[in-house]
Amino acid sequence: MKRESVKLEELIPTIAETVSHGGVFGFSAQGTSMLPTIVGGRDVLIVGAADSLKKHDIILYRRENGQYVLHRIVAIKKSGYVASGDNQVVKESGITPERVIAKLVGIRKGDTLTECDRRWCVRTGRHFAFLRFLRNMKKKLKNTVKLK
Amino acid sequence: MLKIKDNYIVQNIAGGEYAVYVGTDKNAPSMLQLNGTAAFIFSCLNAGCERDELVSKLLAEYDVTHECAEADVDSFVKKLDEAGVLLK
């Protein structure tokens, strides 16, 4: 018996089935788009049912190209959720509820579990929204200087 | 009596057998990969089983010596205990 990583795409049916029955499912984080909130290769992400989603929640969803990602909701529009990674500037819009598989409910870092409850989501969400604003301003300033 | 904690099921994922946790405990190990023998023992332990009964079941299912079956059962039970999926 050993612990082994399986591709996220291959886990999706199991995750969807587990959370639809009220359970939670843990899998290893990958990638850098949610740094420093989530560290790929180190953290274990615990997801649950994607019910009553709100701004700042972190969701696991399927992109139109079939890729699965875990990003934060930065806005909710009539056309769907708008999501972005905490380490990204680009926003992805039009994420319909049918494409949302699960919601992040916890992060295991070694033996420590961080509960991703509403309070945690809002606090970290606002922090990274401010950082995103600063990064955008920096980018605009750079472009202005270049033009001059 | 040896028994697996509640809410673990054996499932085939991407061609391999896995013990998958489907409960609500965020601290529970989510997934353990199992080979054929391990999946068999895990299924027996899901229902609950004494150690000697488990050895007998393994001997009936696989062509192994009594010593080998005992060693396999003890080793696997120890690993399950270390992973925190065995009821105490």
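Source: prediction; values computed, not measured. First the proteins, then the strands, lettered A, B, ... as listed; each starts at 1.
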_side chain to side chain contact (heavy atoms under 4.5 Å, CB included) for A:Ile73 and A:Leu53? Distances and angles first, verdict last._
CA-CA 9 Å; A:Ile73 296 174; A:Leu53 293 175; 4.0 Å; yes
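Looking at B:Val20, only its side chain comes within 4.5 Å of chain A, counting heavy atoms on both sides. In this structure, no portion of A:Glu17 lies under 4.5 Å from any heavy atom of chain B. Looking at A:Val105, both its backbone and its side chain come within 4.5 Å of chain B, counting heavy atoms on both sides. Only the backbone of B:Asp25 comes within less than 4.5 Å of a heavy atom of chain A; no side-chain atom from C-beta onward does. Neither the backbone nor the side chain of B:Ala19 comes within contact range of chain A, judged by heavy atoms closer than 4.5 Å.
Atom NZ of A:Lys139 has 12 or fewer heavy atoms from other residues, nucleotides or ligands within 6.0 Å. Surrounding CZ of A:Phe133 are at most 12 heavy atoms belonging to other residues, nucleotides or ligands under 6.0 Å away.
Salt bridge absent: A:Asp57 and A:Arg72 never bring a charged side-chain N and a carboxylate O closer than 4.0 Å.
In this structure a side-chain-to-backbone donor-acceptor pair under 3.5 Å is missing from B:Arg51 to B:Val77.
The greatest number of non-hydrogen atom pairs below 4.5 Å with chain B, out of A:Gly48, A:Gly22, A:Gly26, is found for A:Gly26. In terms of heavy-atom pairs under 4.5 Å with chain A, the best-connected choice from B:Asn7, B:Ile13, B:Thr37 is B:Ile13. No other option in B:Lys26, B:Glu17, B:Gln11 has as many heavy-atom pairs under 4.5 Å with chain A as B:Lys26.
If you chain together hydrophobic residues whose side chains sit under 4.5 Å apart, B:Val64 and B:Val73 fall into the same group.
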